[in-house]
Asker: 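One structure, as structure tokens, below. Some questions next.
Bear in mind that the values here come from a model prediction, so they are computed numbers and not experimental data. Sequence positions, counted from 1, serve as the residue numbers for this chain.
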Amino acid sequence: MFGAVQRGDVLLFGAFIDAQLQGTVQLGLALPPNQPHRADVGKLLVDPTDRRAGLGRALMQHLEAKARHLGKTLLLLDTRSGDPSQLLYESLGYHTAGSVPGFCRHPSTQQFEPTTFLYKALI
């Protein structure tokens, strides 16, 4: 991931509280030549002690503003189906494109769960 950030293929955003990193999100820009209009959102992470304080929303809003500045008109992301982050994305105007059963593993068990793919038009 750090190589991708160094090359500019991924932009990494951070949220800090009292000089401590409490959240991150990534904007993936390295896409095929026929997709210059879009970008991928990846790894929205917020420290559990700071969840529900608006950091995830602020990170996403900053990411979207940067994507618009770069001329991107479509953002795509995926999340574990039913995860609280899905509600955040939907509240920010993301729409469900579909889901894939058994796509990801639950973070604390060996159980495979569905993933929901979402998109947002920035126009």
Side-chain angles (χ1 to χ4, degrees):
M1 197 262 317
F2 292 113
V5 171
Q6 289 174 336
R7 287 187 308 274
D9 293 340
V10 172
L11 300 181
L12 177 63
F13 302 90
F16 293 83
I17 297 176
D18 297 327
Q20 295 292 318
L21 181 64
Q22 298 303 109
T24 65
V25 69
Q26 301 170 24
L27 181 64
L29 302 170
L31 296 168
N34 67 338
Q35 300 173 29
H37 62 292
R38 75 171 189 88
D40 292 332
V41 177
K43 301 296 181 195
L44 174 62
L45 303 170
V46 175
D47 186 287
T49 62
D50 290 304
R51 290 189 182 149
R52 312 273 320 147
L55 290 180
R57 181 173 300 277
L59 282 164
M60 289 298 294
Q61 289 170 335
H62 188 75
L63 175 143
E64 290 176 13
K66 182 63 174 181
R68 281 186 182 94
H69 176 76
L70 294 171
K72 303 303 179 186
T73 59
L74 182 65
L75 294 177
L76 298 164
L77 61 84
D78 66 84
T79 189
R80 187 168 53 98
S81 298
D83 192 83
S85 63
Q86 185 173 348
L87 293 175
L88 170 64
Y89 299 134
E90 290 169 348
S91 76
L92 288 166
Y94 286 78
H95 302 280
T96 298
S99 66
V100 177
F103 190 83
C104 67
R105 192 176 71 202
H106 187 277
S108 59
T109 71
Q110 296 298 315
Q111 180 179 348
F112 288 96
E113 299 181 318
T115 290
T116 298
F117 290 84
L118 299 108
Y119 68 93
K120 182 176 182 176
L122 297 179
I123 51 174

Asker: Taking side chain to side chain donor-acceptor pair (under 3.5 Å) as the definition, give me every residue that meets it alongside Thr109, ordered by chain and number, with sequence neighbours left out.
Answerer: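 Result, side chain to side chain donor-acceptor pair (under 3.5 Å) vs Thr109: none returned.
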Asker: Is the count of non-hydrogen atoms from other residues, nucleotides or ligands lying under 6.0 Å from Arg68 atom CZ greater than 12?
Answerer: yes
Asker: Which atom names give the shortest non-hydrogen contact between Leu88 and Ser91, and what distance separates them?
Answerer: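 What the structure gives for the nearest pair is O-OG, 2.7 Å.
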Asker: Let me confirm one number: the CD-NZ distance from Glu64 to Lys72, rounded to the nearest 0.5 Å.
Answerer: 15.0 Å
Asker: Decide yes or no on side chain to side chain contact (heavy atoms under 4.5 Å, CB included) for Val25 and His62, but give the supporting numbers first.
Answerer: CA-CA 10 Å; Val25 69; His62 188 75; over 6 Å; no
Asker: Only pairs under 3.5 Å count here: list side-chain donor-acceptor contacts from residues 11-18, not counting sequence neighbours, and write none if there are none.
Answerer:
none

Asker: State, to 0.1 Å, how close Leu122 and Ala67 come at their nearest heavy-atom pair, and which atoms those are.
Answerer: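 Smallest interatomic distance, heavy atoms only, reads CD1-CB, 3.8 Å.
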Asker: Who passes side-chain contact (heavy atoms from CB on, under 4.5 Å) against Thr73, sequence neighbours left out?
Answerer: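 Only His37, Ile123 meet the side-chain contact (heavy atoms from CB on, under 4.5 Å) criterion with Thr73.
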Asker: Do Val10 and Leu29 have side chains that get closer than 4.5 Å, going by heavy atoms?
Answerer: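 The answer is no, as the side chains (C-beta and beyond) never meet within the 4.5 Å cut-off.
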Asker: Could you work out, with side-chain contact (heavy atoms from CB on, under 4.5 Å) as the rule, every residue matching Ser85, not counting sequence neighbours?
Answerer: Thr79, Asp83, Tyr89
Asker: Nearest 0.5 Å, please: how far is CG in Leu59 from CZ in Arg57?
Answerer: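 Those atoms lie 12.0 Å apart.
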Asker: Apply side chain to side chain contact (heavy atoms under 4.5 Å, CB included) to residues Asp78 and Val100 and explain how you reach the verdict.
Answerer: CA-CA 10 Å; Asp78 66 84; Val100 177; over 6 Å; no
Asker: Take Lys120 and Leu74 through the test side chain to side chain contact (heavy atoms under 4.5 Å, CB included) and record every step on the way to the result.
Answerer: CA-CA 6 Å; Lys120 182 176 182 176; Leu74 182 65; over 6 Å; no
Asker: Please output the side-chain donor-acceptor pairs of residues 111-119 that fall under 3.5 Å, not counting sequence neighbours, one pair per line with the distance.
Answerer:
from: Glu113; atom 1: OE1; to: Arg80; atom 2: NH1; distance (Å): 3.0
from: Thr116; atom 1: OG1; to: Ser81; atom 2: OG; distance (Å): 2.6

Asker: Kindly compute the distance separating CG (Leu92) from CG (Leu75), expressed to the nearest 0.5 Å.
Answerer: 11.0 Å
Asker: Quick one: side chains of residues 40-47, donor-acceptor pairs under 3.5 Å with protein atoms, not counting sequence neighbours, listed by atom name and distance.
Answerer:
from: Asp40; atom 1: OD1; to: Arg38; atom 2: NH1; distance (Å): 2.4
from: Asp47; atom 1: OD1; to: Thr49; atom 2: N; distance (Å): 2.8
from: Asp47; atom 1: OD1; to: Thr49; atom 2: OG1; distance (Å): 2.5

Asker: Side chain of Gln35, backbone of Leu31: donor and acceptor closer than 3.5 Å?
Answerer: no
Asker: How long is the gap from CG on Leu27 to CG on Leu77, to the nearest 0.5 Å?
Answerer: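 It is 11.0 Å, given to the nearest 0.5 Å.
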